[in-house]
Amino acid sequence: MSLGISLQWQLPSVISSTRTSAAQLRTTDVLLSLPTVHSGRALQCSTIPSSSIATDKRDGRLRSLRCLSALDPNLKSTLDKVVTSQKIVLFMKGTKEFPQCGFSNTVVQILKALNAPFETLNILENEALRQGLKEYSSWPTFPQLYIDGEFFGGCDIVVEAYKSGELQELLERTLCS
């Protein structure tokens with residue numbers, strides 16, 4: 001689950017940097033130090049490259065940052081069970097019968113072309129699942145393909161592996177084991 005936090009320059013106690021001016025801050029890394037908890041869990045914050053920080057074009061003031069909460073242990077346990085419940089699991093937008101995203105459709109068509117039996121989960125039906133998966137896999141986009149309990153990749157990786165024959169070899173080994 002993501003927790004959006006808006007910070008302004010008027011809150012210097014939560015921003016530490018080796019440089020302090022607005023112009024300089026845009027060219028350095030920012031370390032958030034938030035002593036806040038959300039739902040009983042400490043927030044997980046890290047150094048964020050300045051290139052990913054949204055600033056106001058007029059005065060360079062920091063507009064907002066996103067800070068991720070720690071992955072809920074119950075959701076992690078559930079995801080562990082789901083990705084190991086079948087040999088091939090695809091988290092996607094829509095279903096294999098009705099994909100709602102071109103990238104998801106591409107992966108579905110590749111798996112069907114390889115005659116691979118796979119299960120799908122529609123991430124559009126559950127926001128907590130969608131956000132949790134991003135943390136679980138450390139992968140920000142969908143679809144997400146899991147093979148034999150391990151994260152394989154998203155659409156681009158699946159397409160490249162399909163073109164090279166690597167995906168077919170992996171699926172054959174996985175399905176025979």
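Computation of the quantities below employed the complete heavy-atom set of this structure, encompassing side-chain atoms and omitting hydrogens, waters and symmetry-equivalent molecules. Residue indices begin at 1 and follow the sequence shown.
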Student: Among pairs that include at least one residue of residues 93-117, which meet salt bridge (charged side-chain N to carboxylate O under 4.0 Å, His left out), considering only residues two or more places apart or in two chains?
Tutor: none

Student: Could you list all the side chain to side chain donor-acceptor pair (under 3.5 Å) pairs where at least one residue sits in residues 167-177, not counting sequence neighbours?
Tutor: Lys87-Ser177, Gln168-Glu172

Student: Is there side-chain contact between Leu145 and Phe91, with at least one heavy-atom pair below 4.5 Å?
Tutor: no

Student: Which pair of non-hydrogen atoms, one from Gly149 and one from Thr84, has the smallest distance, and what is that distance?
Tutor: CA-CG2, 4.0 Å

Student: Would you say Val89 and Phe103 are hydrophobically clustered, going by side-chain heavy atoms of ILVMFWY under 4.5 Å?
Tutor: no

Student: Answer yes or no: is there a side-chain heavy-atom contact under 4.5 Å between Phe142 and Leu133?
Tutor: yes

Student: So does Asn74 get a backbone contact from the side chain of Ser77, meaning a donor-acceptor N/O pair under 3.5 Å?
Tutor: no

Student: With salt bridge (charged side-chain N to carboxylate O under 4.0 Å, His left out) as the rule and sequence neighbours excluded, what pairs involving residues 75-86 come up?
Tutor: Lys76-Asp80

Student: Is any side-chain heavy atom of Leu111 closer than 4.5 Å to one of Leu171?
Tutor: yes

Student: Grab the two heavy atoms, one from Val107 and one from Cys155, that are nearest each other, plus how far apart they are.
Tutor: CG2-CA, 3.8 Å

Student: Of Val83, Leu167, Leu90, which meets side chain to side chain contact (heavy atoms under 4.5 Å, CB included) against Ile147?
Tutor: Leu167

Student: So, for Gly132 and Leu75, which heavy atoms are closest and what is the spacing to 0.1 Å?
Tutor: CA-CD2, 3.7 Å

Student: So how far is it from Leu79 CG to Gln144 CD, rounded to the nearest 0.5 Å?
Tutor: 9.5 Å

Student: Under the ring-ring contact (aromatic ring centres under 6.0 Å, His included) rule, collect the residues that match up with Phe151, sequence neighbours excluded.
Tutor: Trp139, Tyr146

Student: Sorted by first residue and then second, give each side chain to side chain donor-acceptor pair (under 3.5 Å) pair with at least one member in residues 102-111; sequence neighbours left out.
Tutor: Asn105-Gln109

Student: List the atom pairs, donor and acceptor, that lie under 3.5 Å between side-chain atoms in residues 117-126 and the rest of the protein, sequence neighbours left out.
Tutor:
residue	atom	partner	partner atom	Å
Asn122	OD1	Gly94	N	3.0
Asn122	OD1	Leu124	N	2.9
Asn126	OD1	Ala128	N	3.0
Asn126	OD1	Leu129	N	2.9

Student: With a 4.5 Å limit on heavy-atom distance, are the side chains of Cys101 and Met92 in contact?
Tutor: no

